[in-house]
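Here the structure comes first, spelled out in structure tokens, and everything after it is commentary.
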Amino acid sequence: MSSCHYRNASGQMVILRCIGRDTFFLEKVIFPFEDLHFSCPAQSRVELWTHGIAGAELLDTLEAEDLLVSANAIKSVSRAALLPELNLV
């Protein structure tokens, strides 16, 4: 399994669908400016969808290889860095 990262830099909600071999399927809703870290088989296809007036619209199709995160990058990021600051005042 490969570690991948996608950041929704658009101002609209998107649906990420990752389709791999051996019946692997992942579907997640990603809000604007949200990050998604996920694992998938090598050679998976990633589709980005949104909802338009006429229904679902395919925005883009990517290869999972384009979203790979290196092992060194994963080790260098702490859990605290992935969580937003909480102001509980």
Hydrophobic clustering (ILVMFWY, side-chain heavy atoms < 4.5 Å, transitive) - are [Y] and [X] grouped together?
| X | Y | result |
| --- | --- | --- |
| Leu26 | Leu67 | yes |
| Val69 | Leu16 | no |
| Ile19 | Met1 | no |
| Phe25 | Val14 | no |

Quick one: list whatever passes side-chain hydrogen bond (donor to acceptor under 3.5 Å, both in side chains) with [X], sequence neighbours left out.
| X | value |
| --- | --- |
| Glu34 | none |
| Asp60 | none |
| Ser2 | none |

Got a second to check how far Ile15's CD1 is from Lys28's NZ, nearest 0.5 Å?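 NZ of Lys28 is found 12.5 Å from CD1 of Ile15.
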What pair of heavy atoms forms the shortest contact from Ser10 to Pro32, and how long is it?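 Looks like O-CB, 3.4 Å.
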Give every donor-acceptor pair under 3.5 Å between a side-chain atom in residues 43-53 and any protein atom, sequence neighbours left out.
residue: Ser44; atom: OG; partner: Pro41; partner atom: O; Å: 2.6
residue: Arg45; atom: NE; partner: Glu47; partner atom: OE2; Å: 3.1
residue: Arg45; atom: NH2; partner: Glu47; partner atom: OE2; Å: 3.1
residue: Glu47; atom: OE1; partner: Trp49; partner atom: NE1; Å: 3.0
residue: Thr50; atom: OG1; partner: Met13; partner atom: O; Å: 3.3

Quick one: list whatever passes side chain to side chain contact (heavy atoms under 4.5 Å, CB included) with Phe33, sequence neighbours left out.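 Expected list: Arg7.
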Hydrophobic clusters join Ile, Leu, Val, Met, Phe, Trp and Tyr when side-chain heavy atoms are under 4.5 Å apart, directly or via other members; which others share one with Leu68?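 The other cluster members (ILVMFWY side chains, heavy atoms under 4.5 Å, direct or chained): none.
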